[in-house]
Amino acid sequence: MTSGLWELVLKGVWVTVQLLFLSALLATGVSFVVGIARTHRLWIVRFLAGFYTEVFRGTSALIMIFWVFFVLPPAFGWQLVPLWAGTLALGLTYGAYGAEIVRGALGAVDPAQREGGVALNFTPWQRMRKILLPQAVPEMIPPFSNLLIELLKGTALVSVMGMGDLTFSAKLVRLALQESAEIYTYILLIYFVIAFLLTRIMRRLERDLKAGLGQGPTRPSRFSLKRDTAGLSASTTTGTAGVGAGVGGDS
């Protein structure tokens, strides 16, 4: 490909990264607000949160993009630019899936922890902030990592609005070159590299959060291993000598 076509592809990568970042921020906020609302003591709050979750999980992300970009603006007399329309549609859709992750992680916290917060006379918000969330968030990271990868792949849907993301740029380059195999192979590799980097970042975040709770993997140092081995050898030698002395005394 020529330098001009590569520049077009790189601009598409930048647009995709922007869309991913903005929609991930919105989806994260929606996930925690709706997920915590699903555990609220008032049934009406749980009902509304559950209704939202079911609606956005049960609809197509592509149709939601069409609805936000083509149907919603005329109803209010304004027009959304493709970036914000894609951010809104993807953030609300994937936030519904994230809400179930938050709800499940909060429900998995040991009930004794909740009872301890009640015994300490914590308010519901204090129990959530100081007890439940610090223990639940590390458990959310692996499913959130998978959801983030799905969101990355979902950003390709915004190309139907004519937004200059990576997929739309690939279509333009394909038309210019009249070659599909080369350009789409490059696009597959670019998506893979972005997904791989996101996975590594999320794994590092998971390790750091678990280490903060004392749940990180512990590796014994070489010094402590040698010391333990030396102690084991000494105790074994002492035990052997004691057995030998005992046998000699009995004889």
Side-chain angles (χ1 to χ4, degrees), residues 1-32 56-57 59-98 141-206:
M1 291 193 301
T2 64
S3 59
L5 294 179
W6 272 115
E7 183 179 354
L8 181 61
V9 171
L10 292 178
K11 286 182 179 179
V13 173
W14 174 238
V15 172
T16 295
V17 170
Q18 289 183 80
L19 178 62
L20 175 65
F21 178 75
L22 293 173
S23 55
L25 281 181
L26 178 59
T28 301
V30 170
S31 298
F32 278 93
F56 280 88
R57 287 198 309 170
T59 54
S60 168
L62 178 61
I63 302 303
M64 186 60 64
I65 289 174
F66 282 140
W67 193 83
V68 171
F69 189 64
F70 295 109
V71 178
L72 185 62
F76 292 92
W78 40 261
Q79 182 65 44
L80 284 173
V81 297
L83 177 62
W84 295 113
T87 298
L88 185 61
L90 293 175
L92 293 177
T93 300
Y94 285 89
Y97 292 96
I141 300 301
F144 265 136
S145 178
N146 291 333
L147 190 61
L148 184 61
I149 301 304
E150 291 298 322
L151 177 57
L152 169 64
K153 293 184 285 187
T155 58
L157 298 175
V158 301
S159 61
V160 298
M161 299 184 294
M163 184 176 174
D165 71 313
L166 182 57
T167 301
F168 186 78
S169 300
K171 292 179 181 179
L172 297 180
V173 174
R174 184 183 67 84
L175 292 175
L177 296 177
Q178 294 297 316
E179 175 65 38
S180 299
E182 179 184 1
I183 180 59
Y184 284 128
T185 300
Y186 286 140
I187 300 305
L188 280 176
L189 291 175
I190 292 173
Y191 273 114
F192 171 76
V193 169
I194 297 174
F196 180 78
L197 293 176
L198 291 175
T199 301
R200 302 305 300 177
I201 292 172
M202 295 297 285
R203 286 182 180 175
R204 178 61 182 269
L205 178 61
E206 181 186 5

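Hydrogens, waters and symmetry mates are skipped; everything else that's a heavy atom, side chains included, is used. Predicted, not measured: the structure shown is a model, and the values here were computed from it.
- Among all heavy-atom pairs drawn from V158 and G86, the shortest one is CG1-CA, 4.0 Å.
- The structure places CE of M163 at 4.0 Å from CG of L83, a figure rounded to the nearest 0.5 Å.
- Using a 4.5 Å heavy-atom threshold, the side chains of F32 and T28 count as touching.
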| message | Under the criterion side chain to side chain contact (heavy atoms under 4.5 Å, CB included), I'd like the reasoning laid out for L22 against L90: C-alpha separation, chi angles, the key distance, then a yes or no. | response | CA-CA 10 Å; L22 293 173; L90 293 175; over 6 Å; no
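- A distance-only check finds a donor-acceptor pair linking the side chain of T16 to the backbone of L166 [under 3.5 Å].
- The line from OH of Y191 to OH of Y184 is 10.5 Å long, rounded to the nearest 0.5 Å.
- Remark: W6 CH2 to L10 CG distance equals 7.5 Å, nearest 0.5 Å.
- In this structure, the separation between OH on Y94 and OG1 on T155 is 8.5 Å, given to the nearest 0.5 Å.
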| said: side chain to side chain contact (heavy atoms under 4.5 Å, CB included) for L172 and L8? Distances and angles first, verdict last. | reply: CA-CA 9 Å; L172 297 180; L8 181 61; 3.9 Å; yes
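- Side-chain N or O atoms of S159 include one that pairs as donor or acceptor with a backbone N or O of A156 at under 3.5 Å.
- Rounded to the nearest 0.5 Å, atoms CD (E150) and OH (Y97) are 9.5 Å apart.
- Taking both residues in full, the closest heavy atoms of L157 and A61 are given as CD1-CB, 3.9 Å, listed atom of the first, atom of the second, then distance.
- For the residue pair A96 and R57, the shortest heavy atom distance occurs at CB-CG, 3.9 Å.
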Show me the donor-acceptor pairs within less than 3.5 Å that the side chains of residues 194-203 make with the rest of the protein, sequence neighbours left out.
unit_1, atom_1, unit_2, atom_2, d
T199, OG1, A195, O, 2.9

| After noting the C-alpha distance and the side-chain angles of S31 and F144, does the key distance pass the side chain to side chain contact (heavy atoms under 4.5 Å, CB included) rule? | CA-CA 10 Å; S31 298; F144 265 136; 4.0 Å; yes
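- Remark: the backbone N or O of I141 is not paired with any side-chain donor or acceptor of S145 at under 3.5 angstrom.
- Here the closest heavy-atom approach between residue S169 and residue G12 is recorded as OG-CA, 3.5 Å.
- Side-chain rings of F69 and W84 stay apart, their centers remaining 6.0 Å or farther from each other.
- For the pair V9 and Y186, the minimum side-chain heavy-atom distance is 4.5 Å or more.
- If you take CG on D165 and CG on L20, they are separated by 11.5 Å, rounding to the nearest 0.5 Å.
- Within the 4.5 Å cutoff, the side chain of S23 has heavy atoms near those of the L151 side chain.
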